[in-house]
Every structure is written in structure tokens, then in C-alpha cells.
> 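Below are the C-alpha cells for one structure; questions will follow.
These numbers were taken from a predicted model, which means no experiment stands behind them.
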Amino acid sequence: DAQESRGLGDVYKRQGPDRIAEGRAELDALTRAMGELPARQRVILLAVRLEGLPQNDIAEQLGVSLRTVERELRNAHEYCARRTRKLLSP
């Protein structure tokens with residue numbers, strides 16, 4: 001609603017244009033890194049972090065072990081962190 005939008009605008013004003021640009025660059029780099037992940041890692045990462053699904057449920061839906069989900073999630077996190085740092089470095 002309008003009040004929520006004003007609240008977000010106030011956050012952006014307090015952060016300033018440089019911080020907003022930096023945040024957008026970080027988001028773009030993370031999005032690119034996530035797009036480079038193998039499909040199963042990307043599905044698991046999005047299911048856990050975006051949808052908030054329990055890892056047990058994801059394992060069952062994908063027909064893999066919980067250990068596989070944990071490993072793939074860890075690998076996805078590590079790759080995204082490394083790749084995002086590299087994309088953002090001058």
C-alpha cells in the first residue's frame with residue numbers, strides 16, 4: 001500500500017544513491033551467480049532460502065537423501081559467495 005511504499009522510499013533516501021547503486025550491483029552479481037549454478041543446486045537454494053521449505057521436504061520431492069540436499073545447498077552457498085565476490089571485484 002501507499003504507506004509501505006513511502007516507508008521503502010524513506011529507506012532509500014537514508015541510504016543515498018551510492019549505497020543504492022552498490023546494493024543493486026550486489027543483487028545483480030548474486031542473480032548472475034545463481035543463474036550459473038547447476039539446476040539441482042539452484043532449485044535447492046531457492047526452495048530453502050526463498051520459499052522456506054524444510055530440507056527434508058526438498059529431499060523427498062527430489063528423490064534424494066537429506067545429506068545430498070545439505071551438500072548441494074552448501075556448495076551453492078559457497079559458489080555464490082565466491083562468484084559474487086569475483087564479479088564485484090575491480
> Are the side chain of T84 and the backbone of A81 linked by a donor-acceptor contact shorter than 3.5 Å?
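Not a single qualifying donor-acceptor pair exists.
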> Heavy-atom distance under 4.5 Å between the side chains of V64 and R40, does that happen here?
yes
> About how many Å separate CZ of R83 and CG of L37, when rounded to the nearest 0.5 Å?
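Answer rounded to 0.5 Å: 11.0 Å.
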> Tell me, which pairs form a side chain to side chain donor-acceptor pair (under 3.5 Å) where one or both residues lie in residues 42-53, sequence neighbours left out?
R49-H77
> Do L53 and V69 share a hydrophobic cluster (ILVMFWY, side-chain heavy atoms under 4.5 Å, transitive)?
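Linked, L53 and V69 end up in one cluster.
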> Is there a side-chain contact between V48 and P54, using heavy atoms and a 4.5 Å cut-off?
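Heavy-atom side-chain distance check fails, nothing below 4.5 Å.
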> Give, for atom CD1 of I44 and atom CG of L73, the distance between the pair rounded to the nearest 0.5 Å.
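With rounding to 0.5 Å, CD1 (I44) is 7.5 Å from CG (L73).
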> According to side chain to side chain donor-acceptor pair (under 3.5 Å), who are the partners of S65, at least two apart in sequence or on a separate chain?
T68
> For E60, enumerate each residue passing the salt bridge (Lys or Arg N to Asp or Glu O under 4.0 Å) test, keeping only those at least two apart in sequence or located in another chain.
none
> Quick one, R19 with E22, criterion salt bridge (charged side-chain N to carboxylate O under 4.0 Å, His left out). Give me CA distance, side-chain angles, the key distance, then yes/no.
CA-CA 5 Å; R19 180 61 192 122; E22 184 179 320; 3.2 Å; yes
> Examine Y79 and L87 and state if one hydrophobic cluster contains both, with Ile, Leu, Val, Met, Phe, Trp and Tyr joined whenever side-chain heavy atoms are less than 4.5 Å apart.
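Y79 does not cluster with L87.
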> Quick one: CZ on R71 to CD on Q41, what's the gap to the nearest 0.5 Å?
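The CD atom of Q41 is 9.0 Å from CZ of R71, to the nearest 0.5 Å.
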> With sequence neighbours excluded, what pairs up with E78 under the side-chain contact (heavy atoms from CB on, under 4.5 Å) test?
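Applying side-chain contact (heavy atoms from CB on, under 4.5 Å) to E78 gives R74, N75, R82.
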> Below 4.5 Å, heavy atoms only, C-beta onward: do L46 and M34 meet side chain to side chain?
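Yes. Closest side-chain heavy atoms under 4.5 Å.
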> Specify the closest pair of heavy atoms between L88 and A25, including all atoms of both residues, with the distance to one decimal.
CD2-O, 3.7 Å
> Among all residues two or more places apart in sequence or in another chain, which pass the side-chain contact (heavy atoms from CB on, under 4.5 Å) test with D28?
none
> Output all residues satisfying side-chain contact (heavy atoms from CB on, under 4.5 Å) with L27, sequence neighbours left out; order by chain, then residue number.
T31
